[in-house]
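Quick note on labels: first sequence line is chain A, next is B, and so on, each numbered from 1.
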2 protein chains.
Amino acid sequence: MQNSEAMGLSAALLAVAGELTQRINEGVVARGFEGLRPAHGFAFARLAPDGATVTDLAAHLGVTKQAASQLVDEIVRKGYAERRPHPQDARARLVVLTERGWACTRAAEEAAADAVRAWVALLGEREVRALRDQLVRIAPYGPLKPAW
Amino acid sequence: MQNSEAMGLSAALLAVAGELTQRINEGVVARGFEGLRPAHGFAFARLAPDGATVTDLAAHLGVTKQAASQLVDEIVRKGYAERRPHPQDARARLVVLTERGWACTRAAEEAAADAVRAWVALLGEREVRALRDQLVRIAPYGPLKPAW
DNA sequence: GGCAAATGGTCAAGCTACTTGACTACTGTT
DNA sequence: AACAGTAGTCAAGTAGCTTGACCATTTGCC
């Protein structure tokens, strides 16, 4: 595969990713959850299952724990999460989503589904499913750097 | 398609995009072009064909023209581009890549090709080509927001 | 042609999300 | 009991963006 083809693929991928991010964020805002930036979504994704510590979150986002702590301050202040004492470790605190945090997560899923529906309209369900499978297979396990 | 599937697709897409961005940037640095951030790559892509004005660049990047002007200052200072008088409009200035800027663009293409090769190793050339076609078809025309 | 409105670009100041550095509190190993 | 390592926060500095104001030039309109 030639360099120019690789560049075309890269450009398309980044353009689609940028637009998707924007659409999800707009969809979340449109559903009544304000004061959130895309980076918060990545944090919610890590908190969603069972909560996480600030240090976990920092590693997941690829930022310092000070930055992660500050981000947690923000979503706590806005009512999306709360800090609880950690059951095993008295130094640590477990950050968990509130009911409002869960509602916001569901809103993000709906917004993502809306965006994907637009792709289904263009490519068909079969192709979009293939797209998903391919992307899942090449997706890395590491931190989700929300910056470029 | 269910919301959770859409979320899985979205997460994979954003993860791949984040990793790709990072890899391209690292590849460019490894080839001897320092002091550049991913956002500069998006600027180079706009400047590459025939140059552009600061206002064009701002629209393309989705930022204010002050921010674009500042970014141009930076790449001019580092020798990747230069400002020329605009042939048709005495208010405007045409920003064009220097030879070093072109070399950097080629380095970015090589780095992108390296990243894509890793995907070919996982999925095979045929699947990667299909991936490219699908992404190109759903890629938007608008500004390339280098932020999420 | 002449003049108001629009446009390209820059200067200046302010904001915000991040960084590095220093510190306290607790853990766990020896 | 002592001590190195880890979780988290406080504080200060930084970098990239914003808004606001301004000048020079172009464009649209009578």
- request: Using a heavy-atom cut-off of under 4.0 Å over every strand shown, decide if A:Ser69 touches base, sugar-phosphate, or nothing.
  value: sugar-phosphate
task: Give one of base, sugar-phosphate or nothing for B:Ala92, where a contact means two heavy atoms less than 4.0 Å apart.
output: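 Counting heavy atoms under 4.0 Å across all strands, the contact made by B:Ala92 is with sugar-phosphate only.
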Considering residues at least two apart in sequence or located in another chain, which fulfil the side chain to side chain donor-acceptor pair (under 3.5 Å) criterion with [X]?
| X | answer |
| --- | --- |
| B:Arg23 | B:Glu19 |
| A:Thr53 | A:Asp56 |
| B:Gln70 | none |
| A:Glu99 | A:Arg106 |

May I have the distance from [X] (atom [atom1]) to [N] (atom [atom2]), rounded to whole angstrom?
| X | N | atom1 | atom2 | answer |
| --- | --- | --- | --- | --- |
| B:His40 | D:dA15 | NE2 | C1' | 11 Å |
| B:His86 | C:dT7 | NE2 | P | 16 Å |
| A:Arg83 | D:dG8 | CZ | P | 9 Å |
| B:Asp56 | C:dG9 | CG | C1' | 13 Å |
| B:Leu57 | D:dC17 | CG | C1' | 15 Å |
| B:Arg77 | D:dA15 | CZ | C1' | 12 Å |
| A:Arg93 | C:dT24 | CZ | P | 18 Å |
| B:Leu71 | D:dA15 | CG | C1' | 12 Å |

- prompt: B:Phe33: what forms a ring-ring contact (aromatic ring centres under 6.0 Å, His included) with it, not counting sequence neighbours?
  reply: none
- request: Just jot down the salt bridge (Lys or Arg N to Asp or Glu O under 4.0 Å) partners of B:Lys78, sequence neighbours excluded, or say none.
  value: B:Glu74
Given C:dT10, C:dT19, D:dG8, the nucleotide with the shortest approach to the side chain of A:Thr53: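 It is D:dG8.
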Letter per nucleotide, 5' to 3', of nucleotides 25-30 of chain C [B base touched, S only sugar-phosphate touched, - untouched; heavy atoms, 4.0 Å]: BBS---
message: Please give the remaining members of the hydrophobic cluster of B:Leu94, linking ILVMFWY side chains under 4.5 Å, ordered by chain and number.
response: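 Reading the cluster by chain and number, B:Leu94 sits alongside B:Val96.
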task: Give the other cluster members for A:Met7, using side-chain heavy-atom distances under 4.5 Å between Ile, Leu, Val, Met, Phe, Trp and Tyr residues; answer none if it is isolated.
output: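 Grouped by the 4.5 Å side-chain rule, A:Met7 forms a cluster of one, so the answer is none.
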message: Can you confirm whether A:Arg84 is buried at CZ, in the sense that more than 12 heavy atoms of other residues, nucleotides or ligands lie under 6.0 Å from that atom?
response: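 No.
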query: When you check the phosphate oxygens OP1 and OP2 of D:dG8, does a side-chain N or O of A:Thr55 lie under 4.0 Å from one of them?
result: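 Yes, within the criterion.
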Show every donor-acceptor pair shorter than 3.5 Å between a side-chain atom in residues 110-120 of chain B and any protein atom, with sequence neighbours excluded, or say none if there are none.
from     : atom 1 : to       : atom 2 : distance (Å)
B:Glu110 : OE1    : B:Arg31  : NE     : 2.9
B:Asp114 : OD1    : B:Arg117 : NH2    : 2.7
B:Asp114 : OD2    : B:Arg31  : NH2    : 3.1

query: Quick check: does any side chain N or O of B:Ser10 sit under 3.5 Å from a backbone N or O of B:Ala6, one acting as donor and the other as acceptor?
result: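 At least one qualifying donor-acceptor pair exists.
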task: For the helix from C:dG1-D:dC30 to C:dT30-D:dA1, measure the angle between the helix axis at one end and the axis at the other, each built from five pairs, rounding to 10°.
output: 30°
DNA chain D: 5'-proximal contact among A:Lys65 and B:Thr64 (nearest heavy atom):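 First, find each residue's nearest nucleotide; the 5'-ward one identifies A:Lys65.
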- prompt: With a 4.5 Å heavy-atom cut-off, do A:Leu13 and B:Leu13 have their side chains touching?
  reply: yes
Distances for protein N or O near nucleotides 11-17 of chain C N or O, under 3.5 Å:
from   : atom 1 : to      : atom 2 : distance (Å)
C:dA17 : OP1    : A:Arg37 : NE     : 3.3

